[in-house]
J.: 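The structure follows.
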Protein chains: 2
Amino acid sequence: MTKHDKRDARETLRGAGFRATKPRLLLFSLLEKSRAPLPIHDIAARLQRHSVDQVTVYRMIDAFMRAGLVREVNFQGQRPRYELVDIEHDHHHIVCTKCHKIEDFVGCDSERLEEKALEQSHFQKITGHSFDLYGLCDTCAK
Amino acid sequence: MTKHDKRDARETLRGAGFRATKPRLLLFSLLEKSRAPLPIHDIAARLQRHSVDQVTVYRMIDAFMRAGLVREVNFQGQRPRYELVDIEHDHHHIVCTKCHKIEDFVGCDSERLEEKALEQSHFQKITGHSFDLYGLCDTCAK
DNA sequence: GTGAATGCAAAAACTTTGCATACGC
DNA sequence: GCGTATGCAAAGTTTTTGCATTCAC
């Protein structure tokens with residue numbers, strides 16, 4: 001993590017009305033470095049080395065979600081995972097059903113489907129969506 | 001639940017290699033009648049009136065999932081829900097972010113997206129997908 | 001200095017496991 | 001009758017709550 005990243009994290013936190021505490025900066029850094037969304041368990045395990053309590057992880061994730069900094073992702077048969085929200089690089093996930101490897105992909109044009117759904121349902125407005133694929137990665141398909 | 005339904009449930013269970021026990025028939029009936037997928041908590045609460053234990057609910061759901069009779073559905077910030085698999089009437093869900101009402105919609109042509117994802121990723125094969133919408137229902141949008 | 005945020009302890013909620021009994025076949 | 005499936009008890013996990021202390025501002 002570079003100085004630049006650290007300053008960004010600080011600013012983002014402050015901007016969202018948070019104090020830039022050590023546990024929060026560590027969580028930010030961890031999520032930034034992680035290629036895949038992480039479950040609470042993993043986050044807590046890694047931050048424990050820095051004396052951050054599990055309870056603090058729950059509270060930080062909750063606060064970040066409310067502030068729109070973090071997003072929850074749910075995969076079949078797994079506990080919820082969390083990742084930083086990156087508006088400019090929206091993406092979806094593809095999960096290997098065998099080894100649970102996760103990769104990203106972009107280009108889910110859900111607009112058409114949202115329209116369809118509005119016609120079919122008693123809903124007025126769509127505010128979000130989730131779209132995930134399951135399959136076999138190179139290694140597991142062999 | 002009609003006699004006809006009951007016979008169907010029996011046959012489906014037997015066909016999947018299960019004994020048609022009272023708790024299983026009750027679970028089947030409950031899921032059949034339910035318009036939305038149900039969380040364990042709800043299922044257990046309703047079957048408790050018929051002296052079915054919570055542990056049995058966990059075990060039945062697990063067994064039915066392995067057998068492909070039941071599918072798990074995950075919504076943001078909620079515990080997993082379960083619904084009967086109905087191959088002929090595949091559908092997706094639209095969830096109200098305010099009152100948590102759930103409706104179905106059909107017509108998610110994911111083939112194109114699956115192709116795109118395969119090109120972008122190191123995956124060989126897509127075996128499934130999940131697609132859910134979030135929004136405001138008629139009542140909550142007012 | 002002040003109040004938001006944290007750590008620690010404890011409680012609550014959720015899920016799994018073990019085993020004796022019941023019941024579908 | 002045989003063996004799967006269940007209920008009950010108990011253990012194991014995960015998540016939430018309370019409160020005194022710490023630390024960012």
Side-chain angles (χ1 to χ4, degrees), chain A residues 6-31 37-67 69-70 72-82, chain B residues 6-31 37-67 69-70 72-82:
Chain A
K6 194 168 256 161
R7 207 183 58 220
D8 275 358
R10 260 198 160 65
E11 281 168 6
T12 306
L13 285 169
R14 303 289 317 280
F18 293 120
R19 290 185 178 178
T21 66
K22 199 172 133 194
R24 284 175 179 161
L25 290 170
L26 285 166
L27 174 56
F28 232 87
S29 160
L30 177 58
L31 291 178
L38 299 173
I40 294 277
H41 180 80
D42 277 21
I43 299 171
R46 299 194 202 198
L47 295 194
Q48 219 142 41
R49 290 174 214 146
H50 301 274
S51 311
V52 176
D53 196 275
Q54 209 178 8
V55 173
T56 303
V57 174
Y58 278 104
R59 290 197 266 230
M60 288 190 296
I61 291 289
D62 183 60
F64 286 7
M65 291 239 291
R66 288 172 192 282
L69 300 177
V70 161
E72 180 185 310
V73 178
N74 286 285
F75 298 138
Q76 298 269 348
Q78 298 187 31
R79 311 217 145 260
R81 290 165 174 268
Y82 303 92
Chain B
K6 193 169 254 162
R7 207 182 57 219
D8 275 357
R10 260 196 159 61
E11 281 167 7
T12 306
L13 285 169
R14 304 287 319 279
F18 293 120
R19 288 186 179 177
T21 66
K22 200 172 132 194
R24 284 174 178 161
L25 291 170
L26 285 166
L27 174 56
F28 232 88
S29 158
L30 177 57
L31 291 178
L38 298 173
I40 295 277
H41 180 79
D42 276 23
I43 298 171
R46 299 195 203 197
L47 295 194
Q48 219 142 41
R49 291 174 212 145
H50 302 274
S51 311
V52 176
D53 195 275
Q54 208 178 8
V55 172
T56 303
V57 175
Y58 278 104
R59 289 198 267 231
M60 288 190 294
I61 291 288
D62 183 60
F64 286 7
M65 292 239 291
R66 288 172 192 282
L69 300 178
V70 161
E72 179 184 309
V73 179
N74 286 287
F75 298 137
Q76 298 267 349
Q78 297 187 33
R79 311 220 145 258
R81 290 166 174 268
Y82 303 92

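The sequence lines fix the lettering, A, B, ..., with proteins before strands; numbering per chain opens at 1. Since the structure is predicted, the reported quantities are computational estimates derived from the model, not experimental observations.
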J.: Restricting to side chain to side chain contact (heavy atoms under 4.5 Å, CB included), what partner residues turn up for A:A63, sequence neighbours left out?
T.: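 Partners of A:A63 by the side chain to side chain contact (heavy atoms under 4.5 Å, CB included) criterion, ordered by chain and then number, come out as A:F18.
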J.: Near B:H50 NE2, under 6.0 Å, is it more than 12 heavy atoms from other residues, nucleotides or ligands?
T.: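 Yes, NE2 of B:H50 has more than 12 neighbouring heavy atoms, counting only those of other groups under 6.0 Å.
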J.: Between C1' on C:dA5 and CG on A:L13, what's the gap in Å once rounded to a whole number?
T.: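 After rounding, the gap between these two atoms is 12 Å.
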J.: So, using ring pair (Phe, Tyr, Trp, His ring centres under 6.0 Å) as the criterion, who are the partners of B:Y82 when residues are at least two apart?
T.: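 B:Y82 satisfies ring pair (Phe, Tyr, Trp, His ring centres under 6.0 Å) with no other residue.
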J.: In this structure, how many angstroms lie between the P atom of D:dA5 and the CG atom of B:D62, rounded?
T.: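 Taking CG of B:D62 and P of D:dA5, I get 12 Å after rounding.
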J.: For DNA chain D, find the residues of residues 39-48 of chain B with a heavy-atom distance under 4.0 Å and give them by number; none if there aren't any.
T.: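 The answer is none.
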J.: Please give, in whole Å, the distance from D:dG7 P to B:Q54 CD?
T.: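 Atom CD in B:Q54 sits about 12 Å away from atom P in D:dG7.
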J.: Could you state the atom-to-atom distance from CG of B:L27 to P of D:dG7 in whole Å?
T.: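 Answer to the nearest Å: 12 Å.
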J.: Treating primed atoms plus P, OP1 and OP2 as sugar-phosphate and everything else as base, which nucleotides of nucleotides 20-25 of chain C get B, S or - for protein heavy atoms under 4.0 Å?
T.: ----BS
J.: Going by side chain to side chain donor-acceptor pair (under 3.5 Å), name the residues that satisfy it together with A:E72, two or more places apart in sequence or in a different chain.
T.: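 A:N74.
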J.: Reading nucleotides 8-13 of chain C from the 5' end, what letters show protein touch, with B for base, S for backbone sugar-phosphate only, - for no heavy atom under 4.0 Å?
T.: BB----
J.: Using a cut-off of strictly less than 4.0 Å, decide whether A:Y58 has a side-chain nitrogen or oxygen near OP1 or OP2 of D:dT15.
T.: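 Yes, A:Y58 has a side-chain N/O under 4.0 Å of OP1/OP2 on D:dT15.
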J.: Apply side chain to side chain contact (heavy atoms under 4.5 Å, CB included) to A:R19 and list each qualifying residue two or more places apart in sequence or on a separate chain.
T.: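 Here the qualifying residues are A:T21, A:R24.
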J.: Are B:L13 and B:F64 close enough, and set up right, to give a side-chain contact (heavy atoms from CB on, under 4.5 Å), and what steps lead you there?
T.: CA-CA 9 Å; B:L13 285 169; B:F64 286 7; 3.5 Å; yes
J.: Using side chain to side chain donor-acceptor pair (under 3.5 Å) as the criterion, list what pairs up with A:Q78, not counting sequence neighbours.
T.: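 For A:Q78, the residues satisfying side chain to side chain donor-acceptor pair (under 3.5 Å) (neighbours in sequence not counted) are A:R81.
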J.: Could you work out how much the helix from C:dG1-D:dC25 to C:dC25-D:dG1 bends, comparing the axis of its first five pairs with that of its last five, to 10°?
T.: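 Inter-axis angle at the ends, rounded: 40°.
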J.: Applying salt bridge (charged side-chain N to carboxylate O under 4.0 Å, His left out) as the test, list every pair that has at least one member in residues 46-64 of chain A; sequence neighbours left out.
T.: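 Sorted pair list: A:D62-A:R66.
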J.: Whole Å only: how far is the CD1 atom of B:I61 from the P atom of D:dA5?
T.: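 The distance from CD1 of B:I61 to P of D:dA5 comes to 15 Å, rounded to the nearest Å.
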J.: Begin from the C-alpha positions of A:M60 and A:I43 and carry the test side-chain contact (heavy atoms from CB on, under 4.5 Å) through to its verdict.
T.: CA-CA 11 Å; A:M60 288 190 296; A:I43 299 171; 6.0 Å; no
J.: Grab the CZ-C1' distance between A:F64 and C:dA5 for me, whole Å please.
T.: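 That distance rounds to 11 Å.
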J.: Looking at B:L47 and B:P23, what are the two nearest heavy atoms and their distance?
T.: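 Looking at all heavy atoms of both residues, the closest pair is CD1-O, 4.4 Å.
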J.: Separation of A:L25 atom CG from D:dA24 atom P, in whole Å?
T.: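 Nearest whole value for this atom pair: 9 Å.
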J.: Under a 3.5 Å distance rule, please check whether A:T12 uses its side chain to pair with a backbone N or O of A:D8 as donor and acceptor.
T.: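 At least one qualifying donor-acceptor pair exists.
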